[in-house]
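Report on the following structure.
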Amino acid sequence: MIRLGVNIDHIATVRQARGESYPDPVQGALLAEIGGADNITAHLREDRRHIQDRDIFLLKETIKIPLNFEMACTSEMLKIALQVKPHAVTLVPEKREERTTEGGLDLKKNRDQLKKIIDKLQSSGIVTSLFIEPTVDAVESSSKLGAWAVEFHTGAWCHAIDSAHRTPDKQQLLQILNDASYCATEHKIQSHFGHGLNYQNAQWLQLVETAEEANIGHAIIGRALFCGLEKAVKDMKALLNDPDHCPVFPRLHERKTAAPKGKKHN
Ligand code: PXP
């Protein structure tokens, strides 16, 4: 089964647009849980443009499923993570001027800072995931840093698969995710995916045999405006797991999951 992590940042985006107290992302997280979410992701950005400190602390107190706290690799965020003690932290690159997270971490440039933060988090019992580009090289660097999971940045991949019409092009694109994901599994690292996944492209992940989790926000929150959050979550989970939604395509590797390294999600 591919777990679904629901990113609730965009509920907070709507709240912050008017500076009101609603809609409340914590309430959204509870509805996502009822809809079948396997975990909740929230990104506390340095500029606090959507999620606020209060949201993170309340989420930890309120939801029953694991909290995945997405954060930049800074000492300010590390301090908050150690206070909140979420189940997991996903480390992401962050630029003030970007519209959303635009790419994976530069693991070579930031190696020492990443290692320091990963060690501090993991020695406090918080498993750590690194948001990286889907390459074997990035997986190998993540393994050296001691990551528990990697989340492959699928932004560019989603645009490419959405516009690929020829079978060989689709196959080539799937090979990219399969190779990176398979490499993570070989290194006993959890294989997660996120960014740009929507109701048109998420079903392709069913063909990535070692995929363990997808973290999806914008598409689910957008669809929830029309059908409600519970249903939007339920429908996305079906796209990730229901064979009726699986594109017919040759399998590239046998399905395999990472042997547990440290704490498991559920
Ligand atoms: N994973 C990471 C690391 C992200 O930064 C984001 C965007 O906040 C997501 C997943 C979710 O992306 P989207 O909103 O495009 O589904």
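Computed from a prediction, not measured in an experiment: that's the story for all the values here. Order of appearance sets the numbers: ligands from 1, and atoms from 1 within every ligand.
- The main-chain N or O of G146 is found under 3.5 Å from a side-chain atom of Q122 such that the two form a donor-acceptor pair.
- Ligand 1 lies within reach of G196, whose nearest heavy atom is under 4.0 Å from it.
- Using modelled atom types and a 3.5 Å distance limit, the side chains of N7 and T41 yield no donor-acceptor pair.
- L145 pairs with exactly one of D119, I118, L105, L91 by the side chain to side chain contact (heavy atoms under 4.5 Å, CB included) rule, that one being I118.
- Of all atoms in ligand 1, numbered sequentially from 1 with element shown, those under 4.0 Å from a heavy atom of I216 are 16 (O).
- Contact annotation for E151 and ligand 1: only side-chain heavy atoms (C-beta onward) come within less than 4.0 Å of the ligand.
- Checked by distance only, ligand 1 and H218 come closer than 3.5 Å through their nitrogen or oxygen atoms.
- With hydrogens and angles left out, the side-chain atoms of E151 and H192 include no donor and acceptor closer than 3.5 Å.
- Ligand 1 places these atoms under 4.0 Å from at least one heavy atom of V92: 3 (C).
- For atom 11 (C) of ligand 1, the nearest non-hydrogen atom from the set T154, N215, I221, V6 belongs to N215.
- A salt bridge links R48 with D53: the closest approach of a Lys/Arg side-chain nitrogen to an acidic carboxylate oxygen falls below 4.0 angstrom.
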**Test log, rule side chain to side chain contact (heavy atoms under 4.5 Å, CB included), inputs N39 and L67** = CA-CA 6 Å; N39 63 71; L67 173 63; over 6 Å; no
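- Within the model, atoms CD of Q190 and CZ of R3 stand 4.5 Å from one another, a figure rounded to the nearest 0.5 Å.
- Proximity of E70 to ligand 1 is established by a heavy-atom distance of less than 4.0 Å.
- For ligand 1, one of its N or O atoms has an N or O atom of G217 under 3.5 Å away.
- Under a 4.0 angstrom heavy-atom cut-off, T90 registers as lying outside contact with ligand 1.
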